[in-house]
Amino acid sequence: MAQRTKSPAITVRLLREGIIESVHHVQAVVCDSRGRVLSVAGDAEHPTFIRSALKPFQAIAVTSNGILERYQLSDRDLAIMCSSHAAEIIHTRQVFNILWRADIDTNALKCPIPAGKTSPLEYNCSGKHAGMLAVCRAHNWPLGNYLERTHPVQKLILSKFAEILKMPPDEFIGVHDDCGAPVYLMPLSQMATLYAYLSSGESLDLERIVRAMTHHPELIAGTGKFDTQLMQLTQGEIVSKAGAEGIQCIGRVGEGMGLTIKVSDGAKRAKYAVAIYLLQQMGWITPAVSEILTDQFLSIGSHTRLEVTGELAMV
């Protein structure tokens with residue numbers, strides 16, 4: 001019998017004093033580190049862009065090539081490479097530290113300068129870009145075109161996550177993310193598989209990335225942000241990384257299981273609501289943690305709240 005990879009999607013409703021005002025439809029899938037779909041809501045094979053949830057796997061180019069040791073970089077530096085940060089002082093200083101230690105000028109960053117800001121250091125992806133530049137410096141690869149998909153650093157990154165998924169690199173469709181770096185189209189099940197493998201402990205390079213993210217969650221997003229809050233509250237048991245347009249990827253550390261969430265209309269509020277709902281449903285977070293997160297991310301106004309209905313179907 002063929003494996004079932006479809007079931008009814010999850011629904012998130014915005015209620016204004018109990019009356020439905022808006023509705024979001026959400027797909028979710030849980031996989032193990034071997035790529036087996038364990039449970040699903042919606043379509044596990046729905047293809048979409050992984051966006052910033054790819055960052056921990058882009059950082060493998062750093063951990064697998066001795067870059068941390070060469071430039072005496074710390075787990076804090078590694079954490080900021082995996083971040084979508086809020087441009088707090090601790091974030092921009094950490095990105096600058098990477099560039100300084102690798103003897104790279106800030107002007108080498110090709111990510112945009114955010115509106116109203118003065119430096120590319122303040123762009124939320126600047127840590128990722130700094131990591132890529134450090135790899136380029138170590139290999140004497142050109143810095144000026146490091147964002148091109150044909151550049152050696154981008155080929156290295158693609159080969160690393162393709163190897164995890166046991167896929168030929170040239171089968172992935174690549175486009176440019178908002179920051180200019182390549183990002184790839186893949187089924188939700190492959191995203192969940194990546195996070196299952198990330199959290200499984202099967203790779204020393206990825207284990208260090210998980211340690212950096214979970215030990216320094218304040219660097220991954222920022223004060224009051226979902227990824228930071230979730231990892232602070234779960235104290236090393238959960239690794240979490242958001243992506244734009246309704247992507248959320250989560251791994252259960254030591255268990256080798258990954259969860260990917262995709263909101264069809266890209267709404268950020270809906271993905272957080274579903275993440276909290278499913279994490280509690282699966283027993284990945286305690287009721288106390290769920291209550292804290294619910295108070296912060298589901299009660300979004302004095303007269304409005306989010307309501308989640310649906311469930312993951314076992315495969």
Side-chain angles (χ1 to χ4, degrees), residues 6-30 39-44 46-53 83-88 114-116 124 177-178 188 191-192 195 217-218 220-234 238 240-250 259-314:
K6 290 185 179 181
S7 70
I10 292 169
T11 300
V12 180
R13 297 178 177 87
L14 174 68
L15 304 179
R16 184 172 296 278
E17 297 185 6
I19 300 171
I20 297 172
E21 183 171 13
S22 300
V23 179
H24 307 285
H25 301 288
V26 186
Q27 303 182 81
V29 58
V30 177
S39 55
V40 62
D43 182 3
H46 173 73
T48 192
F49 296 108
I50 188 170
R51 302 300 299 272
S52 285
S83 74
S84 296
H85 63 72
E88 298 172 24
N124 72 89
D177 211 329
D178 292 347
L188 298 179
M191 299 182 203
Y195 274 77
E218 72 281 359
I220 302 303
T223 305
K225 304 293 186 181
F226 182 79
D227 289 331
T228 293
Q229 288 285 89
L230 176 59
M231 288 191 284
Q232 284 176 335
L233 289 167
T234 53
I238 295 288
S240 178
K241 185 68 193 73
E245 294 302 321
I247 288 289
Q248 185 70 42
C249 292
I250 297 170
L259 165 67
T260 290
I261 294 164
K262 167 64 178 176
V263 183
S264 297
D265 64 6
K268 184 183 296 186
R269 67 189 185 191
K271 72 177 179 181
Y272 298 151
V274 171
I276 297 163
Y277 177 79
L278 293 181
L279 290 173
Q280 184 176 18
Q281 194 177 80
M282 294 187 294
W284 290 17
I285 58 174
T286 65
V289 169
S290 177
E291 184 176 352
I292 293 169
L293 294 172
T294 295
D295 287 345
Q296 183 169 351
F297 294 100
L298 268 67
S299 300
I300 57 174
S302 301
H303 307 290
T304 55
R305 64 182 178 88
L306 296 172
E307 178 185 76
V308 183
T309 57
E311 60 183 13
L312 290 165
M314 302 299 292

>> For the OG atom of Ser302 and the CZ atom of Arg16, what is their distance to the nearest 0.5 Å?
In response: 10.0 Å

> Which heavy-atom pair separates Ser299 from Asp295 by the least distance, and what is that distance?
Replying inline: CB-O, 3.9 Å

> Counting only N and O atoms by type, is there a donor-acceptor contact under 3.5 Å from the side chain of Gln296 to the main-chain atoms of Gly224?
Replying inline: yes

> Can you name the closest pair of heavy atoms from Ile220 and Ser240 and give their distance?
Replying inline: CG2-O, 4.2 Å

> After noting the C-alpha distance and the side-chain angles of Asp227 and Gln248, does the key distance pass the side chain to side chain contact (heavy atoms under 4.5 Å, CB included) rule?
Replying inline: CA-CA 9 Å; Asp227 289 331; Gln248 185 70 42; 2.8 Å; yes

> Atom CD of Glu307 and atom OG1 of Thr11: how far apart are they, to the nearest 0.5 Å?
Replying inline: 10.0 Å

>> Side chains of Ile300 and Leu14, heavy atoms from C-beta outward: is any pair under 4.5 Å?
In response: yes

Under 3.5 Å donor-acceptor pairs involving side-chain atoms of residues 275-282, not counting sequence neighbours:
residue: Tyr277; atom: OH; partner: Gly310; partner atom: O; Å: 2.5
residue: Gln280; atom: OE1; partner: Ser290; partner atom: OG; Å: 2.9

> Can you name the nearest heavy-atom pair linking Arg51 to Gly243, along with the distance?
Replying inline: CB-CA, 4.1 Å

> Which heavy atom in Leu306 sits nearest to a heavy atom in Arg269, and how many Å separate them?
Replying inline: CD1-O, 3.6 Å

>> Quick check for you: to the nearest 0.5 Å, what is the distance between Arg13 atom CZ and Thr309 atom OG1?
In response: 4.0 Å

>> For the CG atom of Leu259 and the OH atom of Tyr195, what is their distance to the nearest 0.5 Å?
In response: 11.0 Å

> Do His25 and Val23 have side chains that get closer than 4.5 Å, going by heavy atoms?
Replying inline: yes

> Do Glu311 and Ser7 have side chains that get closer than 4.5 Å, going by heavy atoms?
Replying inline: no

> What pairs with Phe297 under ring-ring contact (aromatic ring centres under 6.0 Å, His included), at least two apart in sequence or on another chain?
Replying inline: Phe226, Tyr272

> Taking all non-hydrogen atoms of both residues, which atom of Asp43 and which atom of Val40 are closest, and how far apart?
Replying inline: C-CG2, 4.3 Å

> If only atom types and distance count, is the side chain of Ser52 paired as donor or acceptor with the main-chain N or O of Ala242 below 3.5 Å?
Replying inline: no

> If you look at every heavy atom in Ile247 and Lys271, which pair is closest and at what distance?
Replying inline: O-NZ, 2.9 Å

>> For Thr223 and Glu88: C-alpha separation, side-chain torsions, deciding distance, then whether side chain to side chain donor-acceptor pair (under 3.5 Å) applies.
In response: CA-CA 9 Å; Thr223 305; Glu88 298 172 24; 3.3 Å; yes

> At what distance, to the nearest 0.5 angstrom, does NZ of Lys262 lie from CD of Gln27?
Replying inline: 9.0 Å

>> Can you confirm whether Glu291 is buried at CD, in the sense that more than 12 heavy atoms of other residues, nucleotides or ligands lie under 6.0 Å from that atom?
In response: no

>> Is the shortest side-chain heavy-atom distance between Met191 and Val29 below 4.5 Å?
In response: no

> Going by heavy atoms in the side chains, are Val263 and Lys268 under 4.5 Å from each other?
Replying inline: no

> Quick one: are Leu15 and Thr304 in side-chain contact, heavy atoms under 4.5 Å?
Replying inline: no

> Quick one: are Ile285 and Leu230 in side-chain contact, heavy atoms under 4.5 Å?
Replying inline: yes

> Just how far is it from atom NZ of Lys225 to atom CE of Met231, taken to the nearest 0.5 Å?
Replying inline: 14.0 Å

